[in-house]
Amino acid sequence: MDDKTVLTRIGDLVDEEHRLRRQLSEGKISSDEEHTRLRELEESLDQCWDLLRRRRAARSAGHDPDAEQAHSVTEVENYIQ
């Protein structure tokens, strides 16, 4: 996945997040449905941002950014900050 593809995916996830919030406010989905899907979206966004940061770091260090692959949700969500 190249940087442009990752950024497109991030945009798509953000758009879906906005749609979910709108659907909730319109009464089309329950808050439980919204919360469940938002959690999934947030995890996917975290994965995408992590991959993009690692690709940029690899490029900056003179390494091949295409060698970077997405880490699992579990790994990304359990990073120590």
Side-chain angles (χ1 to χ4, degrees):
M1 205 183 295
D2 63 11
D3 290 4
K4 184 178 178 182
T5 304
V6 176
L7 287 167
T8 298
R9 177 74 176 134
I10 289 169
D12 292 345
L13 292 167
V14 169
D15 289 345
E16 184 176 349
E17 179 182 1
H18 293 161
R19 278 192 304 277
L20 279 172
R21 293 186 190 284
R22 187 175 57 253
Q23 288 174 338
L24 177 66
S25 71
E26 294 170 352
K28 293 180 180 178
I29 61 172
S30 70
S31 62
D32 286 342
E33 290 171 308
E34 183 215 26
H35 290 305
T36 298
R37 184 61 187 138
L38 281 176
R39 185 177 58 250
E40 294 167 355
L41 287 172
E42 289 169 358
E43 291 171 345
S44 294
L45 278 166
D46 289 348
Q47 270 186 305
C48 288
W49 282 116
D50 174 67
L51 176 58
L52 189 60
R53 281 190 296 271
R54 287 186 297 104
R55 286 182 54 80
R56 290 175 173 171
R59 187 178 297 110
S60 178
H63 301 287
D64 179 12
D66 292 332
E68 296 296 327
Q69 299 295 316
H71 288 170
S72 70
V73 168
T74 303
E75 186 173 357
V76 172
E77 292 301 313
N78 289 316
Y79 284 152
I80 298 174
Q81 304 209 8

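Along the sequence shown, residues carry numbers from 1. These numbers were taken from a predicted model, which means no experiment stands behind them.
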> Can you hop from Val14 to Met1 via hydrophobic side chains spaced under 4.5 Å?
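Yes, it is one cluster - the side chains of Val14 and Met1 are joined through contacts under 4.5 Å.
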
> Find the distance between CG (Leu52) and CD (Glu68) and round it off to the nearest 0.5 Å.
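Rounded to the nearest 0.5 Å, the CG-CD separation comes to 11.0 Å.
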
> Which distance, rounded to the nearest 0.5 Å, do you find between the CD of Glu16 and the CD of Gln23?
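That separation rounds to 8.5 Å.
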
> Mark yes or no for whether Thr36, through its side chain, and Glu33, through its backbone, hold a donor-acceptor pair below 3.5 Å.
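Absent.
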
> Do Leu51 and Trp49 sit in one hydrophobic cluster, given that two such residues count as connected whenever their side-chain heavy atoms are within less than 4.5 Å of each other, even indirectly?
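Shared cluster, yes.
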
> Only pairs under 3.5 Å count here: list side-chain donor-acceptor contacts from residues 2-11, not counting sequence neighbours, and write none if there are none.
from: Asp2; atom 1: OD1; to: Lys4; atom 2: N; distance (Å): 3.4
from: Asp2; atom 1: OD1; to: Thr5; atom 2: N; distance (Å): 2.8
from: Asp2; atom 1: OD1; to: Thr5; atom 2: OG1; distance (Å): 2.5
from: Asp3; atom 1: OD1; to: Arg55; atom 2: NE; distance (Å): 2.5
from: Asp3; atom 1: OD1; to: Arg55; atom 2: NH2; distance (Å): 3.3
from: Asp3; atom 1: OD1; to: Arg59; atom 2: NH2; distance (Å): 3.4
from: Asp3; atom 1: OD2; to: Arg59; atom 2: NH1; distance (Å): 2.9
from: Asp3; atom 1: OD2; to: Arg59; atom 2: NH2; distance (Å): 3.1
from: Thr8; atom 1: OG1; to: Lys4; atom 2: O; distance (Å): 2.9

> Looking at OG of Ser31 and CG of Leu20, how far apart are the two atoms once the value is rounded to the nearest 0.5 Å?
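Taking OG in Ser31 and CG in Leu20, the distance rounds to 12.0 Å.
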
> Roughly how far, to the nearest 0.5 Å, is the CG atom of Asp32 from the CZ atom of Arg37?
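Here the interatomic distance stands at 15.5 Å.
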
> Starting from the C-alpha separation in whole Å, work towards a yes-or-no answer on side-chain contact (heavy atoms from CB on, under 4.5 Å) for Arg21 and Leu38.
CA-CA 9 Å; Arg21 293 186 190 284; Leu38 281 176; 3.8 Å; yes

> Kindly list each side-chain donor-acceptor pair under 3.5 angstrom involving residues 41-48, sequence neighbours excluded, with atom names and distances?
from: Ser44; atom 1: OG; to: Glu40; atom 2: O; distance (Å): 3.2
from: Gln47; atom 1: NE2; to: His71; atom 2: O; distance (Å): 2.7

> Below 4.0 angstrom, N of the basic side chain to O of the carboxylate: do Arg19 and Asp15 qualify?
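Answer for the salt bridge query: no.
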
> Looking only at heavy atoms, what is the nearest atom pair of Ala58 and Pro65, with distance?
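Closest approach of Ala58 to Pro65: CB-CA, 4.0 Å.
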
